[in-house]
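Only one structure is covered here, and it is reproduced in the block below.
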There are 2 protein chains.
Amino acid sequence: MATPSASSAIELLRSHSLTTLVRRELERRILVGELAPGDKLNEADLASELKVSRGPVREAFRALDQAGLVRTEKNRGVFVRQVSVEEADEIYEVRAGLDEMIGRLAAERATAEEVGELREMVKRMQQVARGKDVAAYYPLNVRFHDRLADVSGNRTLAATYRRLVNELHLHRRETLARGPDSFPISTREHAAIVEAISRGDAELAGQLLREHAMESRDRLHATIAKKGQVTK
Amino acid sequence: MATPSASSAIELLRSHSLTTLVRRELERRILVGELAPGDKLNEADLASELKVSRGPVREAFRALDQAGLVRTEKNRGVFVRQVSVEEADEIYEVRAGLDEMIGRLAAERATAEEVGELREMVKRMQQVARGKDVAAYYPLNVRFHDRLADVSGNRTLAATYRRLVNELHLHRRETLARGPDSFPISTREHAAIVEAISRGDAELAGQLLREHAMESRDRLHATIAKKGQVTK
DNA sequence: GCCATGCAGATTGTTGACAATCTACAAACG
DNA sequence: CGTTTGTAGATTGTCAACAATCTGCATGGC
């Protein structure tokens with residue numbers, strides 16, 4: 001490893017085609033909100049902006065479509081996917097089940113280092129939470145759950161989970177425009193989850209994570225009810 | 001509706017680009033076994049065989065890659081995905097959880113017609129089962145579970161389920177080459193599942209479907225053990 | 001005999017051009 | 001005045017050609 005930066009650059013070029021890079025960039029823009037649900041993605045514009053031809057852009061579109069982040073209408077274009085409340089509700093339902101599996105498996109398989117890492121993440125979240133800074137808390141929360149999915153040791157489970165969470169990000173992006181974000185700071189729950197995992201209590205970890213997910217779902221329903229009063 | 005065939009043809013042309021058609025054809029070939037796991041897919045050959053240019057073929061590749069049916073190696077080509085026993089084990093684990101959700105929701109939401117349809121499918125499977133014709137039984141079994149996923153009423157759940165089942169088909173294709181298929185004829189279990197759904201017993205339906213999936217997983221483990229003896 | 005080096009063919013990655021389709025606006029008709 | 005038809009511009013779908021990379025084999029050096 002004489003030139004780590006050079007070798008990593010080589011590795012970057014070796015595995016990443018333009019299609020992959022375009023795909024990542026678009027995924028980033030969508031999840032970060034630069035591209036809002038319903039926005040149209042113009043092939044030519046994106047191609048010239050990213051300094052590539054339309055081919056890689058189109059290939060990236062097909063991948064993003066399959067990933068559920070955009071929807072394609074023939075001869076009309078591709079649009080950032082809009083996730084309705086009904087869909088979000090369905091997704092939450094599945095996510096709750098996956099979260100329970102993640103909790104169970106994580107409790108069974110987590111190593112001491114992994115538990116330590118999770119504890120560290122919870123601690124960081126608690127620090128941020130004191131400032132009531134939702135904007136800073138949100139990504140930490142996402143990464144915590146993401147890491148939890150990895151700790152489950154089941155790659156298929158983690159990949160399936162991430163896919164659904166991405167779609168829920170989409171829904172959040174959609175509703176975010178209508179009003180301020182009321183994201184919950186639930187560090188206590190997180191701490192309890194990590195403790196259950198630490199003790200190897202699969203049943204409890206699964207139950208806690210399921211409930212944690214269900215609360216998100218219930219919050220969605222509460223928001224629907226409130227929006228229903230205000231908007232119409 | 002004066003010319004239903006014509007209007008359906010129009011609808012076909014309206015929504016299906018060449019990319020979509022190529023994608024479907026390749027998916028069919030992979031799931032039916034015409035393309036075996038590990039096989040390389042040559043862009044130019046496929047393009048000329050399907051009478052299209054390489055563009056749509058490449059776009060179909062990106063979608064199939066994201067769908068988990070092929071894997072892409074930059075500058076080397078795309079290959080039909082190989083699902084190892086470890087991966088299959090992971091997938092089964094997730095599938096068992098999804099199946100439980102499907103059972104629960106189906107029991108809660110299934111209409112009388114849907115239950116009737118499921119009963120009909122079980123009956124057909126029983127008829128085929130008497131002939132011990134595994135080749136004929138297998139697709140019926142797949143369609144039964146597929147329909148069950150729809151009956152759950154949760155499209156996200158059904159889509160997630162199908163994706164995993166496709167990957168398991170891949171694993172089956174891979175192991176099928178090594179020896180005869182020992183697919184189980186479990187019409188009794190299917191009948192019990194439908195009955196639980198019919199009675200609206202969500203708990204039981206979920207439990208039965210989970211066990212049903214777990215048996216597939218256990219069969220995989222048994223096969224591994226046996227293969228381990230024979231092969232090495 | 002064995003390994004490194006360097007072509008030659010094949011295959012993938014990317015691009016720009018052409019064809020088909022859609023959208024918006026304006027003119028013509030009832 | 002409203003509806004319809006037609007046309008121009010923009011956008012997507014498809015294609016064929018060019019560039020970059022890989023694979024296999026032969027040649028040469030040790």
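Chain A is the first sequence line, chain B the second, and so forth, proteins listed ahead of strands; every chain is numbered from 1. All figures in this text were calculated on a predicted structure; none of them were measured in a lab.
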Would you say the ring centroid of A/Y138 lies under 6.0 angstrom from that of A/H169?
-> yes

Say you draw a straight line from CZ of B/R104 to OG of B/S152; how long is it, rounded to the nearest 0.5 Å?
->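 If I round to the nearest 0.5 Å, the distance is 13.5 Å.
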
Separation of A/E90 CD from A/E167 CD (nearest 0.5 Å) | 10.5 Å

Report, as yes or no, whether the 6.0 Å neighbourhood of atom CZ on A/R147 holds more than 12 heavy atoms from other residues, nucleotides or ligands.
->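 Yes.
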
Nucleotide of C/dT12, D/dT14, C/dT15 approaching B/S53 most closely (side-chain heavy atoms) |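 Among C/dT12, D/dT14, C/dT15, the one nearest the side chain of B/S53 is D/dT14.
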
Please tabulate the protein-to-nucleotide N/O contacts below 3.5 Å involving nucleotides 6-11 of chain D, giving atom names and distances.
unit_1: D/dT11; atom_1: O3'; unit_2: A/K40; atom_2: NZ; d: 3.3

For the pair made of [atom1] in [X] and [atom2] in [N], what is the distance, rounded to whole Å?
X     : N      : atom1 : atom2 : answer
B/L46 : D/dC15 : CG    : P     : 14 Å
B/D65 : C/dT12 : CG    : C1'   : 15 Å
A/R54 : C/dC18 : CZ    : P     : 13 Å
A/F79 : D/dT12 : CZ    : C1'   : 11 Å
B/H16 : C/dA20 : NE2   : P     : 21 Å
B/R58 : C/dT14 : CZ    : C1'   : 8 Å
A/E59 : D/dG13 : CD    : C1'   : 14 Å
B/K51 : D/dC15 : NZ    : C1'   : 16 Å

Sorted by chain and number, sequence neighbours left out, salt bridge (charged side-chain N to carboxylate O under 4.0 Å, His left out) with B/R71 holds for B/E73

Please name all residues satisfying side chain to side chain contact (heavy atoms under 4.5 Å, CB included) with A/E43, sequence neighbours left out, ordered by chain then number.
->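 So A/E43 forms a side chain to side chain contact (heavy atoms under 4.5 Å, CB included) with A/R54, A/R58, A/F61.
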
